[in-house]
Amino acid sequence: MAGAQQTSSRKRTQPFPTRQMTILALCRICEPIAFMSIFPYVYFMIKDFGVTQHESEISVYAGMVTSAFAFAEFSSGVAWGRLSDRIGRKPVLLTGLAGTALSMLIFGFAPNLPVALLARALGGLLNGNIGVLQTTVAEMVTVKEHQPRAYTIMPFVWCLGSILGPTLGGALARPVLSYPELFHAGSIWDRFPYLLPNLVCTMIVTCGVGIGILFLEETHEEKKHRRDPGLEAGKWILSKVTRCAESKSSSEKEMDLDEVLSLLSDDDQPPNYRTNESSLSIPSTPSADRQEVLDLNDSRIAASPAATKAFTRQVVRNIIGYGILAYHTMTFDAMLPTLLSTEPPENPEPWKLPFKFVSGYGLSTKQIGVVLSVQGIYSMIATIFLFPIIVRRLGALGLFRALAISYPILYISTPYLVLLPDKLKMAGVYGVVIWKCTFATMAYPSNAILLTNSAPSLLMLGTINGVAASTASLSRAFGPTVSGFLFSAGLRLGYSGLAWWCSAVISLAGALISLRMTDKGGRMDVDEKIDEDRDLGFEEQILDHHALDSAIAAAEPRRDIEPLDNNIIK
């Protein structure tokens with residue numbers, strides 16, 4: 001019991017990696033800005049391409065544009081995850097950001113639908129950051145008590161990006177129409193009406209790549225000790241900016257001091273460490289957070305259960321639950337702008353409630369951008385204030401189950417917004433957006449915690465998160481496309497809610513999966529058990545008087561020999 005208390009105390013006192021989480025957040029925020037910026041104008045972009053004969057078909061092609069990224073990301077997600085296990089997390093993350101920048105630049109110059117689909121697919125093919133990002137956070141945060149805080153940072157960053165992205169996309173798309181006094185007809189902005197928001201997003205992502213190169217540290221256990229020229233350049237720049245550069249001699253002294261301190265630290269102290277030959281051979285207290293550099297070619301590791309059985313039953317269930325969550329939340333994100341963009345029919349067919357009705361909102365790109373920005377603002381607030389409080393009370397598993405069971409109600413209710421009176425329609429839109437955001441901001445980090453804790457080993461976490469990211473990408477790929485077909489079919493048949501109600505059925509399957517999940521038996525529980533056993537073993541050795549007497553007796557002859565040695569030396 002005392003050992004368990006000491007272990008828990010050590011883990012709580014480990015500092016939170018604030019600096020590196022901030023750098024990672026600055027890199028991460030670029031992607032939601034770029035990804036979410038297309039939603040306010042994708043409906044009008046498809047309309048300008050002139051590939052549809054009827055406006056009801058626009059939702060199909062809009063879903064294809066959204067799905068192209070996810071399909072390509074699915075095809076490469078596992079490969080990026082495995083590659084991050086081999087070469088490290090930082091190179092893969094930066095490559096994903098660079099791929100996003102290139103994709104947005106091509107998308108802005110797209111003259112037709114095939115080029116737009118190619119640009120989105122290229123971005124997904126080069127971007128494997130979803131799984132690698134989760135792995136990086138898991139390697140930064142090794143204390144279970146820090147997880148609720150750590151796993152709210154990336155959703156918070158996504159929410160912040162989802163505010164800026166739609167705002168940029170809605171405000172800068174078609175600038176010749178929105179700002180005729182600044183952008184004139186016949187210019188490049190007229191030929192490529194969606195270039196401006198993509199150009200701005202490309203510049204933002206490029207800044208994120210630069211920040212990552214200069215200041216982001218590697219987290220892979222075996223790769224983080226290698227030389228990083230980018231980090232060295234970042235330190236040099238900081239020293240110049242802050243005017244704190246020191247002379248070469250003082251730098252060498254500081255480096256030597258750092259090396260000495262690192263050798264004396266508990267993290268690098270080897271087992272059975274002795275200060276001198278005549279000291280007692282008592283094992284040092286094991287550090288709860290010490291991670292040894294492991295040799296992947298070691299036969300003992302290759303044969304270990306953690307390495308050979310990464311995809312346990314709970315890991316698979318968490319991945320399936322993640323995929324289902326990604327499917328129905330992505331369908332909501334894709335269908336809501338389409339619903340808001342769709343014009344009400346001029347000669348509507350008679351409604352036959354409760355299921356047969358057709359209508360829309362007919363909002364502009366600016367209005368849709370405002371709605372999506374409000375969605376991002378509220379998501380940010382919910383991530384900061386609601387999730388940490390609720391997850392501490394319900395736990396990650398209890399919270400995920402409650403949300404999964406409640407999701408079908410959201411999707412069943414959403415299509416009925418068009419039936420509200422005109423004065424209440426926008427209030428209904430904001431109400432359902434807040435409802436959706438509350439669920440999404442808590443469901444994703446809860447599932448991420450469950451998946452991380454269920455992994456049997458950190459060595460396999462990159463591969464596990466890569467498979468999870470690929471599964472989610474496949475779900476996101478099918479979601480907008482399938483929902484686009486269903487939405488178009490519903491408009492033709494007279495059932496506006498067809499796509500939404502199908503999403504409710506999918507979310508019901510996710511609720512059933514959540515009831516089979518558990519939060520026991522994962523890597524974190526095993527690590528805590530090992531730490532407790534080590535502490536208890538150490539205490540038993542300290543309290544074993546016979547062992548101490550034997551050690552003292554073995555040391556006494558050494559003291560008798562010492563004068564003889566001294567005389568010989570003299």
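Please read these numbers as outputs of a predicted model, since none were measured by experiment.
Ser488 places no side-chain N or O within donor-acceptor distance of the main-chain N or O of Gly484, the cut-off being under 3.5 Å. A donor-acceptor pair is defined here as one N or O able to donate and one able to accept, closer than 3.5 Å; no such pair exists between the side chain of Ser103 and the backbone of Gly99. Looking at Lys223, its side chain does come within 3.5 Å of a backbone N or O of Arg86 through a donor-acceptor pair. Here the side chain of Trp500 pairs no donor or acceptor atom with the backbone of Phe332 at under 3.5 angstrom. Looking only at distances, no side-chain donor or acceptor of Thr414 sits under 3.5 Å from a matching main-chain atom of Tyr411. A donor-acceptor pair under 3.5 Å is absent between the side-chain atoms of Ser475 and the main chain of Tyr327, judged by distance alone. Checking side-chain atoms of Asn318 against main-chain N and O of Gln314 turns up a donor-acceptor pair under 3.5 Å.
The closest side-chain heavy-atom distance from Leu515 to Ile405 is below 4.5 Å. Considering only heavy atoms from C-beta on, Leu113 comes within 4.5 Å of Val65 through its side chain. Side-chain contact between Tyr444 and Thr329 is present, with heavy atoms from C-beta onward closer than 4.5 Å. For the pair Arg28 and Leu133, the minimum side-chain heavy-atom distance is below 4.5 Å. Between Val141 and Pro17 there is a side-chain heavy-atom pair separated by less than 4.5 Å. Contact of the Leu450 side chain with the Leu397 side chain is registered, since non-hydrogen atoms from C-beta on lie closer than 4.5 Å. Inter-residue side-chain proximity for Leu24 and Leu93 is flagged as met; some heavy-atom pair is nearer than 4.5 Å. When side chains are defined from C-beta on, Val433 does not count as touching Tyr378, because their heavy atoms never get closer than 4.5 Å.
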> Would Phe487 and Thr338 count as a side-chain contact (heavy atoms from CB on, under 4.5 Å) if you check the C-alpha gap in whole Å, the side-chain angles of each, and the deciding distance to 0.1 Å?
Replying inline: CA-CA 9 Å; Phe487 193 89; Thr338 303; 3.9 Å; yes
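For the residue pair His328 / Tyr407, no side-chain donor-acceptor distance below 3.5 Å is found, with atom types taken as modelled.
Every pair tested for salt bridge (charged side-chain N to carboxylate O under 4.0 Å, His left out) that includes a residue from residues 502-513 fails, sequence neighbours excluded, so the list is empty. Pairs engaging residues 501-515 under the side-chain hydrogen bond (donor to acceptor under 3.5 Å, both in side chains) rule: Thr331-Ser503 [sequence neighbours left out].
Legend: residues meeting ring pair (Phe, Tyr, Trp, His ring centres under 6.0 Å) with Phe69, ordered by chain and number and at least two apart, are Phe35. Judged as a ring pair (Phe, Tyr, Trp, His ring centres under 6.0 Å), and not counting sequence neighbours, the contacts of Phe16 are His146. Residues satisfying the ring pair (Phe, Tyr, Trp, His ring centres under 6.0 Å) criterion with Tyr361, sequence neighbours excluded, are absent altogether. Scored by the side-chain hydrogen bond (donor to acceptor under 3.5 Å, both in side chains) test, Ser446 finds no partners at all (sequence neighbours excluded).
Ring to ring, Phe357 and Tyr416 are close: their centroids are under 6.0 angstrom apart.
A 6.0 Å sphere centred on CZ of Arg393 holds no more than 12 heavy atoms belonging to other residues, nucleotides or ligands. The number of heavy-atom neighbours closer than 6.0 Å to CZ of Arg317, taken from other residues, nucleotides and ligands shown, is above 12.
For the atom pair Asp85 CG and His220 NE2, the distance stands at 5.0 Å (nearest 0.5 Å). To the nearest 0.5 Å, the span separating CD1 on Ile204 from OG1 on Thr100 amounts to 12.5 Å.
Classification of Glu139 and Arg89 as a salt-bridged pair holds, one side-chain N sitting under 4.0 Å from a carboxylate O. Checked for salt-bridge contact, Glu217 and Lys90 miss the test: no charged N lies under 4.0 Å from a carboxylate O.
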